[in-house]
Amino acid sequence: MVSPTSKSEEKETPSPRNVYHIGGLQVRFPYQPYGTQLAFMSRVISTLDRSQRDGRCHALLESPTGTGKTLSLLCSALAWQQSYTSRFPKGNLARKRSIFIPDTQSPSSTEPSNVVEVEIPSRTPTIFYASRTHAQITQVIREYRKTAYRVPMAVLGARKRSCTNRRVQRKPYLNEICRSLIKDRMKPKCPEFIGTDEIVAHPSLQQNEVHDIEDLVKIGYTVRVDQVIRESNEKKLRNKLRGAIIIFDEAHNMEDIARESGSIDLGEETLFKLQSELQDIAVEVPQIYQPVCDVIDGLIRWIGSKKDSLAKRDPQHYFSSWTGDKALRELEESNITRKDFLKLSKRFNMAIETSEKLHHLSEISLSTLQELLTTLGYFFSRDGNHILDYELGLQRRFIKRGDEGDSSGKWTHTLSLWCMNPSVVFKAIVDLSSSIILTSGTLSPMDSFSSELGMQFGSCLEAPHVVDANQQVWAAGIFSGPNNQPLNASYKTNNEYPFQDALGISLEEICSIVPGGSLVFFPSYKLMEKLCTRWRQTGQWSRLCLEKDIFIEPSGGATGEFENVLKEYYDCIGGKKRLFGGRNRRAVDFKKGGGGGAFFAVCRGKVSEGLDFSDDNARAVIIVGIPFPNLRDVLVELKRSYNDTFKSSRNLLGGGEWYCQQAYRALNQAAGRCIRHRFDYGAIIFLDERYRQQRNRVSISKWLRQSIKLYDNFEESMQDLKSFFPSAKKHVDSKMLSYKEVIDLECVVQTEPETSVVINGSSAASPFSCSSGLTLERGGSASVNSHALKRRKFINSAANIIDLEKDNDQDMTTRKIEFGSDSSTETRARVQISCLLCRSPLGHPDNNGSSYLSCLVTRSSKKYLLSLLKETSRSEMPTSVSVIVTDCSLVDQRLCAEEGEEGVWCEQDGCVFNTIFCPFCSVPNTTCLGVQIMATDSSNVQFLSKMLFFSDHLNVMGDAAIKETLLEHKGD
């Protein structure tokens, strides 16, 4: 959430070098923008301008992954917001609001005399930037810090992402634990919550504004303040949304999200738990909780009366549904009526507010009540006009026990109230805001957004990619496998063994060619499991494993289970050998082909949504079949039927057309995992003969669709694939060499007298062109105040940061920096480094964060480093550790010590260390990356201003030599 810029922040004069005139505005952009970015920013600005002229304007903007979409969004939107007062001094004059004034005199009057229009007071619109996951929000903040704009802002997130109580932050049921620890607000048991009352009462927080985290820190408290921000802003959120600009990033699933937000599924066990808690508390506070308890009792009775008369779908699944007036009559049996809903909603709100203050109900029960009230609110909204947009359903399923071969289990019952029309939910946001921008790397096909969300888009864009699609992407539709066996993964043929065997052989051939990692997407978990079972029976699985290590996305597994598999895959691509066996696991490496790994996943699964598989992590994306939703799924059936029924009256796509668009949107999302930045390259392969038909390719993303080659002959396609990878690598290498922001670690120094650095009272020659001196008292404290150890800066950065492409002048000498390592296995290279845990790039933002930086891969026996490694790994103290050494100026500066920050002096090592943690991981100070050398004695001056990263704590992307060195270090 971004508020208007304060006056003090408007004083900065933009540098002409980074200012671009776009859509009549001066936009400050940190880099030379691509043409795609200019077009994107122009659309954002024109949309926002129209929203002020016409009262409202929305945009649907697709820009492929790797084109700098987030940075473009932020810079254009913030530039527009900053210039709002001068360009629109009277605000949005076209925007008026209808206000309903209750009329108790004539309730039967047909004239809406009690509705008046008022002008909304002029104010600079607030910007709300929403994304799907916390990791994506972290990425947004990282991009925001690259911009020249600084505005008051707040980040809203869940407890599990913002809790700083290390004793509970990683425990299950965190919400329950948190609520119990702060139950007594006067004497909270959570040490992180102490002092929040003083924060809330502070005069600087009494204004009705969003507060920057830094402003809150200045008050003098180090306590986490997300909860305070959340509580203070939720009540004001609706007012803030009036006339606001709302940006939904990663909005390809917006239709599904809106429908789910207006729907609810209530399992019988959840209702029983809620009923039990309400009955207990209703004895003590009957006036508040008894009416709510009566409703829950009624729902449980209704399930009991209907569960034996449901329609049979199969022997283990029964289902019936009701809509319109029929649904109303069924709800009336549970004491939920249209006539009394307003009164009932007040009772619900009173119970919810009371429980939030006094913690009468558990977190799960309270959440269930809130969800039920929200769904019923949409159902009865607009005087019941939306009852036909809902399906009231009751399911009875037999759930087997987890043990394989055990046929025992139990029957479960689930009550559902499903929203079929996402505009029911989304229209409330549309009516409040002045502009909504939906954007993603994969919005195509776009046809359904307008009809499903009930809004008109004044601007639509399908932007091109920044890569050369003909040189860096090999897109192919392959229609048959070896021996000309047709590949068709439709439900009619996917059970046939010839298809399953041909697909297995095809994947084996592809994996033998593709270097690094491959992502293989299947339409469903069911088909993936069926194919894997067949391949294990025929021996095809073993042949696949000879080409690549195979990883499988867990079906419905816990987040931790998926993250473990994902980490193993990343480790495999990074060169770590996979462990097999039980207690005495051993590392094996038996691959003979392309090497690396293959990740088997499903479209719409976690692998296909928002994860970064750049470079070797996904040199190929292979899509098996077309990911149509399950036709037998109850919700899919009801949605198709709903769209067919209301196609004309509500201007919807027909059920069949809607069904197809869901498939291709999931396909495009999976295909987008491959090309992640301008220097990336890879193959995107569609394995199915149905792609031969034009109608099955027309909905593929525009940037990719035009490059797809069609192959009837499998052998011919494999020959072209073989020639693609060396050609693409050569093209990208030459492209990178011509990129002007290449920086090398080797310093070029003048042969004239070198600058001295004062250490412990004596003068020592420094191999760096460095102007600032340093005095370090050995007899002092174990820590050194870093205000005396300010970051070293070269006298002339242009003379000291040298591009290796240049011929060195005869008056200059290139001098290698010796790091005093304890191993002969050293390698100098350019690499990309990122955090092993969160995958965030660690390079300097000026080099686009993920660009290559120069480093030395070596081993170190520094005692401080070894003690850190022992502390983080809890293993025996090693004798040396593999490190990646680079200059502080080449990495993201958030890794470096801040001015005034203290370091730790280690006399044995002769260095002042600052331990560095990943600033991008969701839980702070958990991922120790290594150390920064803040100061040294004369014998260690070569380490000055260097970063020493633990190589095992990084994801390192580089050439074969760097991987070989890292593997040698692991074997030592």
Side-chain angles (χ1 to χ4, degrees), residues 2 4-5 9-54 56-89 91-92 124-129 140 142-151 153 244-249 251 433-441 443 457-467 677-678 702-703 740-741 845-846 848:
V2 180
T5 310
E9 290 162 334
E10 294 176 351
K11 294 179 181 178
E12 182 182 350
T13 302
S15 168
R17 192 171 72 92
N18 290 327
V19 173
Y20 302 89
H21 295 271
I22 306 170
L25 282 183
Q26 288 190 347
V27 179
R28 285 179 281 176
F29 200 76
Y31 314 115
Q32 175 72 38
Y34 308 134
T36 294
Q37 291 175 317
L38 291 171
F40 192 90
M41 289 189 281
S42 177
R43 291 297 183 97
V44 171
I45 292 169
S46 64
T47 298
L48 299 181
D49 282 348
R50 282 186 60 185
S51 72
Q52 302 305 301
R53 292 196 307 267
D54 302 340
R56 187 173 286 125
C57 186
H58 312 297
L60 192 62
L61 308 177
E62 179 186 82
S63 186
T65 303
T67 55
K69 165 175 56 68
T70 302
L71 190 61
S72 302
L73 265 174
L74 291 170
C75 289
S76 53
L78 291 172
W80 183 89
Q81 186 190 55
Q82 194 175 70
S83 67
Y84 182 85
T85 304
S86 59
R87 298 176 72 232
F88 302 98
N92 188 339
T124 304
T126 299
I127 299 174
F128 288 81
Y129 196 113
V140 172
R142 187 158 61 240
E143 294 298 299
Y144 166 73
R145 286 170 175 159
K146 295 178 184 178
T147 73
Y149 301 97
R150 290 296 175 266
V151 292
M153 60 174 288
I245 298 157
I246 306 176
I247 299 171
F248 289 103
D249 201 357
S433 62
S434 66
S435 184
I436 291 177
I437 297 175
L438 302 184
T439 182
S440 178
L443 287 175
F457 293 98
S459 182
C460 293
L461 173 69
E462 288 184 76
H465 216 300
V466 295
V467 300
H677 57 84
R678 67 180 298 190
K702 185 178 179 179
W703 74 269
K740 293 183 179 180
E741 293 185 10
D846 287 347
N848 292 333

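- Side chains of Gln52 and Tyr84: a donor on one and an acceptor on the other come within 3.5 Å.
- Counting only distance, with no hydrogens or angles, the side chain of Gln37 and the backbone of Tyr34 share a donor-acceptor pair below 3.5 Å.
- One N or O on the side chain of Arg150 and one on the backbone of Arg145 form a donor-acceptor pair closer than 3.5 Å.
- At least one donor-acceptor pair closer than 3.5 Å links the side chain of Arg50 to the backbone N or O of Gly458.
- With rounding to the nearest 0.5 Å, the separation of CD1 in Ile247 from CG in Leu74 is 7.0 Å.
- The only member of Ile22, Val19, Leu71, Asn18 that meets side chain to side chain contact (heavy atoms under 4.5 Å, CB included) when paired with Phe29 is Leu71.
- A donor-acceptor pair under 3.5 Å is formed between the side chain of Gln81 and the backbone N or O of Pro125.
- Judged purely by atom type and a 3.5 angstrom limit, Ser433 has no side-chain atom pairing as donor or acceptor with the backbone of Ile246.
- In this structure, His465 contributes its side chain and Arg678 its backbone to no donor-acceptor pair below 3.5 Å.
- Between Trp80 and Phe88, the angle of the ring planes lies from 30° to 60°, which puts this pair in the tilted group.
- Cation-pi geometry between Arg28 and Tyr149 is met: the NZ or CZ atom falls under 6.0 Å from the ring centre, inside 45° of the normal.
- Neither side chain, Arg56 nor Ser51, offers a donor N or O lying under 3.5 Å from an acceptor on the other.
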